[in-house]
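Note that the structure is predicted; figures quoted are calculated from it, not measured.
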Amino acid sequence: MGAPRQAIPGAAGFFARVYAAVRSIPRGHVATYGQVALWLGAPRGARAVGWALRALRPENEACVPWHRVVGRGGRISLREGAGPRLQVRRLRAEGVRFVEGRVDLGRHGVRA
DNA sequence: CCTATGACCGTGA
DNA sequence: CTCACGGCCATAG
């Protein structure tokens, strides 16, 4: 395991493709990890997408709207630290509506 | 090439 | 509905 040495916006290969896909998510909208994986041509690579986002550092998180990526059903996948609350706060700031603690995908989910 | 880890997902109990 | 299991993928040693 272990965190990637350098996950940068200009990263090569998979990470870069994940970041590019996440940047394409419009403001006020969200996509699921599985959906992002699908865009990359890896229908089963949702977990790898999570890995790429986890690798984001404070320096580069600014150029990647990671908060627009949620788990299946609109659930927040972050579990520890200030992450979960920060993600919710940022989404609500973009006008994203939460229902029963989950993002209303019918209203804010990006369409395949 | 091996195993271990994780911001996942689908399925079945 | 929730929970546990197994499978997937990329990356680190």
Side-chain angles (χ1 to χ4, degrees):
Chain A
M1 50 86 138
R5 13 185 156 84
Q6 282 191 337
I8 344 294
F14 193 79
F15 280 22
R17 293 204 292 146
V18 170
Y19 301 148
V22 174
R23 278 191 215 100
S24 75
I25 302 173
R27 192 167 191 282
H29 292 256
V30 301
T32 65
Y33 296 89
Q35 212 165 8
V36 173
L38 195 59
W39 298 342
L40 301 182
R44 311 272 167 71
R47 209 163 188 181
V49 170
W51 181 267
L53 295 185
R54 176 183 180 283
L56 284 173
R57 303 291 182 74
E59 310 92 74
N60 38 46
E61 81 167 276
C63 45
V64 181
W66 57 266
H67 56 281
R68 294 177 191 155
V69 183
V70 299
R72 182 185 57 175
R75 282 186 171 291
I76 298 298
S77 285
L78 287 174
R79 314 192 181 216
E80 305 169 10
R85 291 229 300 157
L86 176 62
Q87 181 168 19
V88 172
R89 187 167 62 80
R90 287 189 178 181
L91 287 175
R92 297 188 74 181
E94 293 186 356
V96 172
R97 176 188 303 201
F98 278 77
V99 177
E100 298 294 317
R102 296 186 298 169
V103 173
D104 184 345
L105 290 181
R107 182 149 173 37
H108 304 100
V110 296
R111 333 204 189 229

Q. At under 4.0 Å, does any side-chain N or O of A:Arg79 touch on OP1 or OP2 of B:dC8?
A. yes
Q: Please report, rounded to the nearest Å, how far the C1' atom of B:dC8 is from the CD1 atom of A:Ile76.
A: 14 Å
Q) Roughly how many Å is it from CG in A:Leu40 to P in C:dC9, rounded to a whole number? A) 13 Å
Q | Touch class at under 4.0 angstrom, heavy-atom based, for A:Ala48 against every strand present | A | base
Q. What integer distance in Å separates A:Tyr33:OH from B:dC8:C1'?
A. 8 Å
Q: Nearest whole angstrom, please: distance from the C1' of C:dT11 to the CZ of A:Arg17.
A: 15 Å
Q. How long is the line joining CH2 of A:Trp39 and P of B:dC8, in whole Å?
A. 17 Å
Q: Give a yes/no answer on whether the side chain of A:Arg54 brings an N or O atom under 4.0 Å of OP1 or OP2 in B:dA7.
A: yes
Q) Can you tell me if the side-chain N/O atoms of A:Arg72 get under 4.0 Å from OP1 or OP2 in B:dG10? A) yes
Q.
What is the distance, to the nearest angstrom, from the CG atom on A:Leu86 to the C1' atom on B:dA7?
A. 13 Å
Q.
What's the closest nucleotide to the side chain of A:Trp51 if the choices are C:dC9, B:dA7, C:dT11?
A. C:dT11
Q) Is there a side-chain contact between A:Arg97 and A:His108, using heavy atoms and a 4.5 Å cut-off? A) yes
Q) Can you tell me how far P of B:dT11 sits from CZ of A:Arg44, to the nearest Å? A) 10 Å
Q. Can you check side chain to side chain contact (heavy atoms under 4.5 Å, CB included) on A:Leu91 and A:Phe98, steps first, answer last?
A. CA-CA 9 Å; A:Leu91 287 175; A:Phe98 278 77; 3.8 Å; yes
Q.
Rounded to whole Å, how long is the line connecting atom CG of A:Leu38 with atom P of C:dC8?
A. 17 Å
Q. Between B:dG12 and C:dC8, how far is it from one P atom to the other, in whole Å?
A. 15 Å
Q) Which atom names give the shortest non-hydrogen contact between A:His67 and A:Gln87, and what distance separates them? A) O-NE2, 2.9 Å
Q: Please check if the side chain of A:Gln35 supplies one atom and the backbone of A:Gly109 the other of a donor-acceptor pair under 3.5 Å.
A: no
Q.
Closest approach to the side chain of A:Ser77, judged atom by atom: which nucleotide of C:dC1, B:dA7, C:dA10 is it?
A. B:dA7
Q: Might you point out which heavy atoms bring A:Gly71 and A:Thr32 nearest each other, and give the distance in Å?
A: O-CG2, 3.8 Å
Q) Which nucleotide in the list B:dG6, B:dC8, C:dT2 gets nearest to the side chain of A:Arg75? A) C:dT2
Q) When you measure from the side chain of A:Leu53, which nucleotide among B:dC8, B:dA7, C:dA10 comes out closest? A) B:dA7
